[in-house]
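Take a look at the structure below.
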Amino acid sequence: MRIAVPKEIKADEHRVGLTPTAVREYVARGHRLFVETGAGADAGYPDEAYARAGAEVVPDAETAFAAADLIVKVKEPQADELARLEPRHILFTYLHLAPDPAQAEALLRSGCTAVAYETVTDGEGGLPLLAPMSEVAGRIAVFSAAETLLKHNGGMGLLLSGVPGVPPARVAVLGGGVVGSNAARMAAGLGAEVVVLERSIPRMRMLDDVFLGRILTRYSTLDAVDEEIVKADVVIGAVLTPGAAAPKLVRREDLKRMKPGSVVVDVAIDQGGCFETSRPTTHVDPTYVVDQVVHYCVANMPGAAPRTSSEALVHATLPFGLALADQGLDALARDRRLAQGLNVQGGRITHPAVAEALGKPFADPYGAWA
Ligand SMILES: NC(=O)c1ccc[n+]([C@@H]2O[C@H](COP(=O)([O-])OP(=O)(O)OC[C@H]3O[C@@H](n4cnc5c(N)ncnc54)[C@H](O)[C@@H]3O)[C@@H](O)[C@H]2O)c1
């Protein structure tokens with residue numbers, strides 16, 4: 001298979017779809033790799049490292065897309081990239097289509113096959129290609145919140161950890177999955193008071209066991225969310241219904257009851273966010289204020305740690321990417337976990353939750369959802 005690794009062009013995105021180590025794995029299996037010049041530079045991988053691993057370094061994205069059948073990226077395709085997609089292309093990347101009808105329309109028009117990292121499953125209800133970035137984002141969420149709480153960043157001027165004799169911040173985490181548990185771990189590690197609101201009882205049991213009472217868990221009802229956001233200095237949004245838009249757990253009128261200068265970090269922003277007032281921001285200009293509540297809604301938080309994130313991402317994508325490279329579309333017929341990652345093919349939406357969110361008909365070409 002001919003495989004392209006373009007340089008990411010989304011604002012503030014510094015990760016790369018394949019590291020030189022991963023390229024070597026593909027090349028060793030007989031595949032040809034076309035890496036756009038500078039693709040890995042921001043993550044610490046120069047062109048020479050890709051060349052040493054056996055890739056052909058090409059001068060621009062146009063050449064990379066034209067040379068390849070499989071395109072391995074990180075973020076959803078931007079306008080220039082969407083325009084380059086053809087029916088022969090298999091696109092393997094994060095897509096987050098549910099809140100993005102414009103991107104969905106462009107992918108449908110292109111006729112390509114698009115496999116979304118965030119909906120590939122592990123066969124046991126987990127999302128193995130989302131998990132490593134969720135680990136990074138959950139951890140970043142806490143030190144971003146800690147920074148934002150400081151006065152000069154618009155916060156109430158509170159030190160997350162407190163000091164002896166002065167209580168720490170109270171952090172409410174909505175959703176105790178991968179993002180939520182990593183955020184809870186960091187927040188507790190820094191000395192904050194932490195409560196995690198969850199809907200899954202087994203998940204809360206697990207958190208309770210792991211944290212040995214160091215954090216509180218609370219079943220996530222409307223009442224519980226109402227009560228906890230009022231007490232919190234920081235609220236971290238980390239809920240997910242796979243493929244679907246995030247549920248809006250905090251409405252605009254709720255902000256008036258929150259503490260002035262409190263901080264919302266809506267990690268779920270890539271699925272539309274779980275606060276009604278969330279809108280995507282970037283690392284360059286990460287925050288804005290609504291009703292005296294500072295919102296941090298960076299849609300690609302792991303992009304701030306491209307070295308760690310690229311490596312962790314590639315570890316998770318490698319087996320699936322190699323299967324696509326080795327078997328082409330047959331990989332989707334052979335592996336239900338990969339087929340559940342398929343979002344768009346030949347002008348049809350092929351993921352049930354994505355179809356529902358976009359109000360489009362759903363097709364199941366590989367019987368992944370039967
Ligand atoms: N902004 C970023 O850079 C970034 C990076 C990584 C992940 N994310 C996003 O973070 C979100 C969470 O990802 P994850 O990997 O932790 O998902 P996950 O599936 O591991 O966890 C989500 C949790 O939310 C819980 N949940 C669902 N509805 C709930 C409700 N009403 N109240 C409380 N809990 C509820 C689920 O039970 C589950 O445990 C996703 O939207 C993901 O795309 C964003």
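Whatever order the structure lists ligands and atoms in, that order sets their numbers, starting from 1. Just so you know, residue 1 is the first one in the sequence shown, and it goes up from there. Computed from a prediction, not measured in an experiment: that's the story for all the values here.
Taking a cut-off of under 4.0 Å to the non-hydrogen atoms of His96, the atoms of ligand 1 that pass are 43 (O). Short contacts between ligand 1 and Asn300, defined as distances under 4.0 Å to a heavy atom of the residue, involve ligand atoms 3 (O). For ligand 1, the atoms sitting less than 4.0 Å from at least one non-hydrogen atom of Val179 are 7 (C), 10 (O), 12 (C), 13 (O), 14 (P), 16 (O), numbered in the order shown with element in parentheses. Within ligand 1, counting atoms from 1 as listed, the ones closer than 4.0 Å to a heavy atom of Gly175 are 24 (O), 33 (C), 34 (N). Listed by number with element, the atoms of ligand 1 under 4.0 Å from a non-hydrogen atom of Ala137 are 4 (C), 5 (C), 6 (C). Less than 4.0 angstrom separates some heavy atom of Gln271 from each of these atoms of ligand 1: 41 (O), 43 (O).
Between Glu227 and Arg218 a salt bridge is recorded (basic side-chain N to carboxylate O distance below 4.0 Å). At a threshold of 4.0 Å, the pair Asp291-Arg252 counts as salt-bridged, since one of the basic side-chain nitrogens sits closer than that to a carboxylate oxygen. Look at Arg337 and Asp122 and you find no salt bridge, because none of the NZ, NE, NH1 or NH2 atoms lies under 4.0 Å from a carboxylate O. In this structure, Lys10 does not pair ionically with Glu8, as no charged nitrogen and carboxylate oxygen lie closer than 4.0 Å. Salt bridge annotation for Asp69-Arg2: absent, with no cationic side-chain nitrogen under 4.0 angstrom from a carboxylate oxygen.
Nearest non-hydrogen protein atom to atom 43 (O) of ligand 1 is Asp270 OD2, 2.7 Å. Closest protein heavy atom to atom 30 (C) of ligand 1: Arg199 CG, 3.4 Å. At the shortest separation from atom 25 (C) of ligand 1 among protein heavy atoms lies Glu198 OE2, 3.3 Å. When hydrogens are left out, the protein atom nearest atom 19 (O) of ligand 1 is Leu240 CD2, 3.6 Å; that is the closest non-hydrogen contact. Atom 32 (N) of ligand 1 has Ser220 OG, 2.7 Å as its closest protein atom, hydrogens excluded (heavy atom only). Here the protein heavy atom with the shortest distance to atom 7 (C) of ligand 1 is Ser134 OG, 3.4 Å. At the shortest separation from atom 20 (O) of ligand 1 among protein heavy atoms lies Val178 N, 2.9 Å. Nearest non-hydrogen protein atom to atom 11 (C) of ligand 1 is Val239 O, 3.8 Å.
Residue contacts with ligand 1: Val298 is placed with a nitrogen or oxygen under 3.5 Å of a nitrogen or oxygen of the ligand (distance criterion only). On a distance-only criterion, Ala299 and ligand 1 share at least one N/O pair closer than 3.5 Å.
Side-chain atoms of Glu198 and Ser220 form no donor-acceptor pair, as typed in the model, at a separation below 3.5 Å. A side-chain N or O of Thr277 and one of His295 form a donor-acceptor pair less than 3.5 Å apart. For Asp47 and Thr37, the side-chain atoms include at least one donor-acceptor pair closer than 3.5 Å. Side-chain contact annotation: Asp364 with Thr350, donor-acceptor N/O pair under 3.5 Å absent.
Contact annotation: for Thr241 versus ligand 1, there are no heavy atoms closer than 4.0 Å. With a heavy-atom cut-off of 4.0 Å, Leu127 does not touch ligand 1 at all.
Within a 6.0 Å radius of CZ in Arg205, no more than 12 heavy atoms belonging to other residues, nucleotides or ligands are found. More than 12 heavy-atom neighbours from other residues, nucleotides or ligands sit within 6.0 angstrom of CD on Glu86.
Look at Met133 and you'll find a heavy atom under 4.0 Å from some atom of ligand 1. Contact between Leu174 and ligand 1 is absent, with no heavy atom of the residue lying under 4.0 Å from the ligand.
Side-chain contact check for Thr63 versus Phe34: every heavy-atom pair is 4.5 Å or farther apart.
Atom 1 (N) of ligand 1 has its nearest heavy-atom neighbour, among Val196, Val267, Leu222, in Val267.
The side-chain tip of Arg279 points at the ring of Tyr288 from less than 6.0 angstrom away and within 45° of straight on.
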